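In this text the structure is predicted, and so the values were computed from the model without any measurement. By convention in this document, chain letters (A, B, ...) are assigned in the order of the sequence lines, proteins followed by strands, and residues within each chain are numbered from 1. Atom set for the values below is all heavy atoms of this structure, side chains included, hydrogens, waters and symmetry mates excluded.
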Protein chains: 4
Amino acid sequence: MSLRERKAAKKKEDILRSASLVISRNGYHNATMEDIAAELLMTKGALYYYFKNKEELLYSCHDLILSAAMEQVEAIFSEDLSSMEKMKKAVKTHLDIAIREKEVFNLIVKPEQLFSEENIEEIIQKRDQYAGIFDRIIAEGVKRGEFNVSDKKMARMIILGATNWVQVWYSQEGKFSKEKIEDIYAEYFLKMLA
Amino acid sequence: MSLRERKAAKKKEDILRSASLVISRNGYHNATMEDIAAELLMTKGALYYYFKNKEELLYSCHDLILSAAMEQVEAIFSEDLSSMEKMKKAVKTHLDIAIREKEVFNLIVKPEQLFSEENIEEIIQKRDQYAGIFDRIIAEGVKRGEFNVSDKKMARMIILGATNWVQVWYSQEGKFSKEKIEDIYAEYFLKMLA
Amino acid sequence: MSLRERKAAKKKEDILRSASLVISRNGYHNATMEDIAAELLMTKGALYYYFKNKEELLYSCHDLILSAAMEQVEAIFSEDLSSMEKMKKAVKTHLDIAIREKEVFNLIVKPEQLFSEENIEEIIQKRDQYAGIFDRIIAEGVKRGEFNVSDKKMARMIILGATNWVQVWYSQEGKFSKEKIEDIYAEYFLKMLA
Amino acid sequence: MSLRERKAAKKKEDILRSASLVISRNGYHNATMEDIAAELLMTKGALYYYFKNKEELLYSCHDLILSAAMEQVEAIFSEDLSSMEKMKKAVKTHLDIAIREKEVFNLIVKPEQLFSEENIEEIIQKRDQYAGIFDRIIAEGVKRGEFNVSDKKMARMIILGATNWVQVWYSQEGKFSKEKIEDIYAEYFLKMLA
DNA sequence: GATGAATGAGAGTTCATTCAT
DNA sequence: TATGAATGAACTCTCATTCAT
């Protein structure tokens with residue numbers, strides 16, 4: 001990658017970060033291109049130099065975070081740990097991202113309403129892929145005799161649902177630290193899976 | 001209440017129902033005043049006779065559903081049942097509404113972004129009040145020795161979070177019936193609380 | 001048609017007239033919705049109450065004129081006249097409209113570049129239909145022995161091409177009156193067809 | 001002319017050719033600087049090294065073609081031929097260019113709308129000069145007794161109008177070959193002038 | 001000479017809201 | 001009470017043009 005390309009890539013990342021920020025502040029639907037640009041002291045026109053349109057900018061934003069999350073959780077699955085340990089770490093990772101990326105994470109929620117057909121399929125697929133890692137952890141745990149669940153998929157949905165929800169109510173001012181929350185959530189889930 | 005007032009109240013309810021429908025169909029941000037009015041064969045101008053503005057219409061919409069939910073869950077709490085039974089019924093009720101009212105239910109999720117200061121406080125308060133009933137069920141269960149949890153509030157958050165999340169992925173075509181989902185969810189939660 | 005409807009229809013016509021005017025003044029591509037609205041002391045937003053979008057407004061504009069032209073020329077064809085008389089009158093009518101509606105008439109020229117697939121077919125069809133009347137006049141003249149042409153279609157193309165071109169150079173200030181132009185054109189064409 | 005200047009002149013020609021191509025493909029108003037540059041694997045910024053702005057580029061484009069046409073038709077006029085032969089050849093040449101340069105040729109149509117005062121005068125003048133050659137052919141033919149027309153200018157306008165119009169409907173797929181069209185047009189015109 | 005990047009003005013479009021009738 | 005009509009602000013997107021490097 002040439003210097004130019006690296007610079008451009010960096011700029012794209014900056015824009016994505018700015019977009020994430022604005023989305024977090026104003027919510028997805030009130031995040032205008034103007035806002036996103038202003039955050040970087042650019043004009044909105046410049047954004048179109050890097051992204052075809054708003055949808056693609058937002059799509060990239062979403063993709064960036066989901067890809068990172070996937071990488072991390074996949075790595076955890078590959079570690080040499082008990083299934084309970086894996087789940088504990090995976091939940092913590094997921095919570096960590098869900099809290100940190102609050103709003104952007106939310107784009108995953110209703111992609112059908114935000115994205116057009118071009119992108120929607122890839123999004124759904126990636127989302128399923130991500131959820132699939134949790135399924136594999138659970139399945140492995142059941143096989144190893146660590147977990148005992150009546151329905152694996154439903155268990156995963158409860159886990160991801162509850163953790164996704166965290167970003168709805170979580171705020172720095174809350175009485176619980178992020179670490180504390182992560183511990184308690186993991187504990188409850190393991191109890192549920194046991 | 002005079003006849004005129006009763007007529008107006010009825011019309012308001014009609015509008016709210018229409019709004020719920022449109023929101024469920026198009027998603028919150030794509031529900032225009034025009035759409036809502038069209039559903040009732042009115043013109044959008046008429047809506048302003050009954051509601052000050054869009055926010056208030058949406059607020060009422062949200063309030064209607066939350067109030068109904070509260071009433072039902074409160075009733076369950078007052079019944080003469082074991083805490084486990086109460087929780088099971090409450091979860092089922094909550095799931096039932098979350099699935100049926102999909103989108104409108106979502107207004108609860110990010111009220112800060114949708115409503116202005118005037119309404120926001122009341123919404124948060126009502127939401128907390130609703131969550132409080134679940135807190136009371138858990139507290140009662142702990143006192144009675146039915147439940148055994150390390151942190152009550154967190155347990156409630158997991159339960160409501162997971163159930164709220166249902167509407168994100170649930171769709172009639174899914175392989176699980178609503179009843180089946182309700183049973184499994186209740187089972188997992190009770191295991192978690194035990 | 002109710003009073004309301006008639007009022008709306010009248011307004012639509014006003015807009016069309018205004019659009020024609022602005023197009024004539026600024027040229028097709030520089031005629032903005034703002035300009036068209038300003039001409040009527042409206043705001044551009046109001047135009048969207050009457051027309052779905054700019055294309056449809058322009059399409060209606062074009063359709064109005066072409067339809068009127070068609071009606072007139074069709075009537076001439078039905079008259080009890082010699083083919084030469086018919087052609088003379090048809091050419092005059094065509095020239096009359098081409099001169100009066102200068103710019104709007106030009107929309108017919110390159111519809112492929114201005115209109116989307118939805119409208120394009122209908123436009124082409126109508127245009128062909130209009131040209132068809134001239135074809136019929138020529139064919140009739142040939143059958144009656146009044147005209148003597150090697151290729152009917154090509155003759156029509158020359159006639160319509162030359163008359164369409166009039167609006168390119170014609171301007172009130174020119175040394176020829178409209179009537180004079182019409183006479184000379186007709187004379188030349190008849191000589192060509194003889 | 002220095003080497004440098006010659007190089008620049010060559011590049012200018014390349015750009016003009018590219019511009020013609022893009023205009024022909026997309027139509028005048030949809031030909032962006034970006035498109036024109038891309039055709040030459042340049043960036044649009046570079047175009048501004050050779051041309052002051054878009055208008056001047058387009059002006060040059062137009063000028064190039066008109067100049068070439070003028071040269072050819074002027075040469076025909078100077079040949080030792082009957083007026084009828086001259087007109088036949090001139091018409092064929094004109095048709096040839098009109099068909100080949102379709103869109104660019106169209107710039108001539110409404111120069112008032114495309115060019116600013118700076119260029120407009122020169123364009124009109126050149127256009128009149130070009131038309132003048134046809135006038136001279138006709139005048140010569142009249143003097144020689146080959147042609148018999150009531151109004152020379154009008155005759156020329158019909159001829160150029162009809163031929164200009166060709167590019168509106170002509171397309172390779174048509175049932176007539178370019179040669180056939182040229183023959184028929186010439187035949188009709190000569191009949192008209194006779 | 002040429003590029004990548006940015007600007008800024010303006011276009012079309014949408015929609016909550018208002019108001020005379 | 002309700003409607004038709006209009007407003008105005010906001011938004012996405014485009015493109016000719018500029019300029020440091």
[X] [atom1] - [N] [atom2] separation (whole Å):
| X | N | atom1 | atom2 | result |
| --- | --- | --- | --- | --- |
| C/His29 | F/dC15 | NE2 | C1' | 14 Å |
| A/Tyr48 | F/dA16 | OH | C1' | 18 Å |
| C/Leu40 | F/dT7 | CG | P | 11 Å |
| A/Glu34 | F/dC13 | CD | C1' | 12 Å |
| A/Asp35 | F/dA10 | CG | P | 11 Å |
| B/Asn30 | F/dC11 | CG | C1' | 14 Å |
| B/Met33 | F/dT3 | CE | P | 13 Å |
| A/Lys54 | F/dT12 | NZ | P | 4 Å |

Starting at the 5' end of DNA chain E, which residue's closest nucleotide do you reach first, B/Asn53 or D/Lys44?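 Comparing both residues, the 5'-ward one is D/Lys44.
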
Assuming nearest nucleotide by heavy-atom distance, tell me which of D/Met42 and A/Met42 is located more 5' along DNA chain E.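 Nearest nucleotide further toward 5': that of D/Met42.
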
Need two values: the first and the last nucleotide of DNA chain E, 5' to 3', having an atom under 4.0 Å from any heavy-atom of chain B.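 Both ends considered, the range comes out as E/dC15 to E/dT18.
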
Which sits closer to the 5' end of DNA chain F, B/Tyr50 or A/Gly45, going by the nucleotide each is nearest to?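 Comparing both residues, the 5'-ward one is B/Tyr50.
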
By nearest heavy atom, map B/Thr43 and D/Thr32 onto DNA chain F; which one lands nearer the 5' end?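 With B/Thr43 and D/Thr32 compared, the 5'-side residue is B/Thr43.
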
Proximity to DNA chain F (any heavy atom under 4.0 Å), residues of residues 2-18 of chain D only: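 Of all residues in residues 2-18 of chain D, none places a heavy atom under 4.0 Å from DNA chain F.
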
Less than 4.0 Å between a side-chain N and a carboxylate O, is that true for [Y] and [X]?
| X | Y | value |
| --- | --- | --- |
| A/Arg17 | A/Asp14 | yes |
| B/Lys52 | B/Glu118 | yes |
| B/Glu39 | B/Arg25 | yes |

Closest non-hydrogen atom pair between C/Met33 and C/Lys54, with its separation: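 In terms of heavy atoms, the two residues are closest at SD-CG, 3.6 Å.
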
Identify the heavy atoms of B/Tyr50 and B/Lys12 that sit nearest to each other, and give their distance.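 Where B/Tyr50 meets B/Lys12 most closely, the heavy atoms are O-CE, 3.1 Å.
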
What is the base-pairing partner of F/dA20, counting Watson-Crick and G-U wobble geometry with both distances under 3.5 Å?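 When the pairing criteria are applied, E/dT3 turns out to be the nucleotide that pairs with F/dA20.
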
Mate of F/dT12 where both pairing distances stay under 3.5 Å, Watson-Crick or G-U: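 Pair assignment: F/dT12 / E/dA11.
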
Side chains of A/Lys126 and A/Ser67: donor-acceptor distance under 3.5 Å anywhere?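 Judged by distance alone, the side chains do pair up.
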
Report yes or no: do B/Thr32 and B/Asp35 form a side-chain donor-acceptor pair below 3.5 Å?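 Indeed, the side chains of B/Thr32 and B/Asp35 share at least one donor-acceptor pair under 3.5 Å.
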
If you count every heavy atom of other residues, nucleotides or ligands that lies below 6.0 Å from C/Glu55 atom CD, does the total exceed 12?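 Atom CD in C/Glu55 is packed in, count exceeds 12.
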
Over 60° means perpendicular and under 30° means parallel, so classify the ring planes of C/Phe115 and C/His62, tilted if in between.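 Plane angle between 30° and 60°, so tilted.
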
